[in-house]
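Atoms within each ligand, like the ligands themselves, are counted from 1 in listed order.
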Amino acid sequence: MNFRKTLLGLIGSLAVSSQLIAGSFEEGYQLMRQSMPESDRNAAVEQFFVPVTKRVDDRGNELFSYEKQIGGVRVFGEKKLIVFPKEESEFSHLQSLRTMTAEDIEFVKAHKGLRPEPVLTQDQATNAAIRDLRQKQAYISTPLPEHLKRPTELVMYKNANKEYRLVYHMVLPGQIMMQPSAFDYFVDAETGAIVDKAGQLYDIKGQGIDLTEGKTHNFPVEEDKAGFRMEDKARNLHVYNGSAGKFSTDDDNMWDRTGTLRKENQRAEVELYVNMARTVDYFKDRHNFVWKEGKAPVKATAHVRDNFNNAYYSSWEGGFFFGDGSGDENGFDYLTKGLDVAAHEFTHGVIDLWCPLTYNGESGALNEHIADFFGAMVDSDDWHMGDNITIGDNPSLRNMQDPTRGMGDLIPEGMKYADWAQLGKKHGFKGRIYPDRVSKKIICNGWGEDNGGVHINSSIFNKFAYMATTGNEVASEGLGHDLMADIYMRVLKNRMLSSRASFTEFKERFMAAADLHLQGHAKRDVYLATINQAFKKIDL
Ligand SMILES: [Ca+2]
Ligand SMILES: [Ca+2]
Ligand SMILES: [Ca+2]
Ligand SMILES: [Zn+2]
C-alpha cells in the first residue's frame, strides 16, 4: 500500500502501512493539492508556499519547509511544514503536516490573485517608526551594532485581527529601561500605522549607583530565572555578596538599595564591580595580563564580615575580599570605594601567581610595596593609598610620595615597633608616620607587630617608586608610570624574586629587570641612573 496515495482515505487516523518513504517538495505539493476542496483544487499552491529547506532529523524523518507568500511577497514569520515520516507507525498528530489545514485553505482563497503594492516609501515608513520611538521616549541615535542591522523589507504581516497587511519591517535602535535595545517595527505600507513592534535589550547592562559620587554606572550582568547577577563574562569577573561564590544579585537590574546596615548597601557592590573592572582592564590593556589565563574568574567579594575595616587577597579562598569598614574615625569607609584598594588586592594575587613573596619581614614589606605600587598605577591621579576610604582629616592610609609626612626625623635609626606606635599616638597621626629609607626601617618582631612591619616598611620602597617614576628628589628624569610598571611586571613575570627576597635582593633584581627592559631604549642610561639614584636615596 502506498502511503501517499492512500492518504486521503486515511485522514483522521493516519494509520499507515507502508515501506520506507522518501519525500520531495513536489510530493509535498501533491499532498497539499489532494487535501484542497474540489472547488479550489486548481489553485496554484506553488505560489503561496515556496520551498525553503529540507531537513532530515536524527530518526530519518524528512521535513519540508515552505515559506508562505502572497503575490510574491513573503509572509513574515509563517511557514508551512510537510513531513514524511521515516517509518510506518501510528501517528495521531501529523495530520496538519500532511495536508492543507482549514486555515491554509482560507489563506489561499482569500489572497488569490492579490498583488500587494506599497503606498508609502521606505523613508516615510521609517519616519513613522522613529516618531513612535520618540513618543515612547525610547529613541536613541546610537546606531545598532553591525550584527543586529537588517535591511528594511516589505513583508506581509498578520495583524491582531488576523488580516494580512503589507508592511515595512525594519530594525531600529532604541532603548528599554535606559538600556540600548533593538526594535523590530512593522509599519503599514499603506497607512503608516504601527502594526506591531517588539523591542529587545541586546546588551544587558546592570545599572547601579556608586558610593563615592552617587553616579550611575552601567555594567555587564547575566540574567537567569532568579534575576540578574554581577557576572562580567568578557572580563571573567564575578562580584559576590558576603561570601565567596554567592553572587551579588538584583531582581530588577537596578542596583541602588542602600538598606539600613552597611552590609545591605548594594552600592558597595556597584563600586567594587566598577573598581575591579578598571583594575582588570589596566592589567589586560597595559600588561596583557589575564587572571589565571582566563581559566578561573576574578572573584571579588563585597560585604565580608561585619563592618570589617580591611580588604585582603586569599589564595586559599581564591579571591579578593572587601569589608564595609566601620564608617567612623576609628576605621574606614567601605573598602570597596578605593580603586587603589581594589588594584592593591588584585596585585597581591598577581604576585602570588608568579613571585609568592612570603608575607613576613622584608619579603612581606616588598609584597605590600608592589601591591601599593600598582594601586598607584591604576589609581594614577595621586600617590596616596586609600585616599577614598579614610574618614575625617586623614587624607589617606599611606602617602607614597612622603611616607613620613615631613616628620621623618621623628623616626630615628633602630626604632622599635612599640616606640613607633607610641610616637604615632603622641603626634596624633594614628601611628601613620612611616619610614622612607632603609636606615629608618622600623624594627618589628613577627606576627604581633604587623608581620614584621609589612605595611610599615613597605613605605621605604613606595618612596623609591615615587622618585624613580616622577624623577622628583633624584635630580634625574623619571621613567613615568608605564615604563616603571612594565619593569615591575618584568620582575614578576620573569619570576626574578625569591619568596624570601630581602631589600638588597629586590634592588639587585629590579636593576637587572630594568636593564633587560630598557635594551635599545634611547634613554636607557638616563633611566638606569634614575633608578639607581632612587635606590641610593633609600640607602640601597
Ligand atoms: Ca534593584
Ligand atoms: Ca585617586
Ligand atoms: Ca590613590
Ligand atoms: Zn596588602
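- For the Ca ion (ligand 3), the N/O/S atoms of Asp379 include one lying under 3.0 Å.
- The O atom of His384 and the OD1 atom of Asp387 meet at the Ca ion (ligand 3) at an angle of about 80°, given to 10°.
- Metal site remark for the Zn ion (ligand 4): His348 contributes an N, O or S atom at a distance under 2.8 Å.
- Between the Ca ion (ligand 2) and Asp382 there is an N/O/S contact shorter than 3.0 Å.
- If you look at Phe346 and Trp291, their ring centroids are closer than 6.0 Å.
- Looking at Asp340 and the Ca ion (ligand 3) together, the shortest N, O or S contact belongs to OD2.
- Relative to the ring axis of Phe503, Lys441 places its NZ or CZ within 45° and under 6.0 Å from the centre.
- Under the 4.0 Å criterion applied to side-chain N and carboxylate O atoms, Lys136 and Asp132 are assigned as salt-bridge partners.
- Looking at His344, its N, O or S atom nearest to the Zn ion (ligand 4) turns out to be NE2.
- In summary, the side chains of His303 and Tyr240 do not present any donor paired with an acceptor at a separation below 3.5 Å, with no hydrogens or angles considered.
- A donor-acceptor pair shorter than 3.5 Å can be found between the side chains of Ser326 and Asp328.
- Under 4.0 Å is where a charged nitrogen must lie from a carboxylate oxygen, and between Asp486 and Arg286 at least one such pair does.
- Take the N/O/S atoms of Asp381: the one nearest the Ca ion (ligand 2) is OD1.
- Closest N/O/S atom of Glu368 to the Zn ion (ligand 4): OE2.
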